[in-house]
Q: 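A single structure is presented below for examination.
Reckoned from all heavy atoms, side chains included, excluding hydrogens, waters and symmetry mates.
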Amino acid sequence: MLWPMLALALAFCGIAVLAVLSVRVYAEVRRLARQVSDSSKRITRAAEDLERASAPLGSTVDALRRQ
């Protein structure tokens, strides 16, 4: 009777450890997804700024090419 109870207790402890680790992984994945989202927004904003900054340069080059 001792061995089945010991096996059951070890199985429960193993499942508890897996549950704790899965919660930690879930939290880290959420944090990583948040960081990726923030980085994507920053990249989009930088691309828009670059596009706005290059518009006058493009019109200047176009005007020089026509001369």
Side-chain angles (χ1 to χ4, degrees):
M1 187 70 177
L2 176 67
W3 292 111
M5 289 176 62
L6 184 62
L8 187 61
L10 287 175
F12 177 77
C13 288
I15 290 173
V17 167
L18 288 176
V20 168
L21 291 176
S22 67
V23 168
R24 288 183 64 189
V25 166
Y26 176 75
E28 289 299 317
V29 166
R30 297 260 314 184
R31 187 176 64 85
L32 179 63
R34 208 173 311 123
Q35 287 179 351
V36 167
S37 175
D38 291 344
S39 297
S40 175
K41 288 176 185 175
R42 279 192 229 148
I43 289 171
T44 302
R45 196 176 325 125
E48 290 170 354
D49 290 346
L50 183 62
E51 193 173 326
R52 276 195 300 273
S54 66
L57 180 62
S59 62
T60 304
V61 168
D62 190 39
L64 288 174
R65 196 178 292 172
R66 289 182 183 172
Q67 288 181 352

Q: If you group Ile, Leu, Val, Met, Phe, Trp and Tyr by side-chain heavy-atom gaps below 4.5 Å, do Leu8 and Ile15 land in one group?
A: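 No; Ile15 is not reachable from Leu8 via cluster members.
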Q: Measure the OG1-CG distance between Thr44 and Asp49 for me, rounded to the nearest 0.5 Å.
A: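 Reported value, rounded in 0.5 Å steps: 11.0 Å.
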Q: Look at atom CD of Glu51 and say whether more than 12 heavy atoms of other residues, nucleotides or ligands are closer to it than 6.0 Å.
A: no
Q: Determine whether a donor-acceptor pair (N or O, by modelled atom type, separation under 3.5 Å) exists between the side chain of Ser22 and the backbone of Leu18.
A: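 Yes: the side chain of Ser22 pairs with the backbone of Leu18.
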Q: Is the backbone of Ala33 close enough, under 3.5 Å, to the side chain of Ser37 for a donor and an acceptor to pair up by distance?
A: no
Q: Got a salt bridge between Arg45 and Glu48, using NZ or NE/NH1/NH2 to carboxylate O under 4.0 Å?
A: no
Q: Just wondering, do Gln35 and Leu32 contact through their side chains at under 4.5 Å, heavy atoms?
A: yes
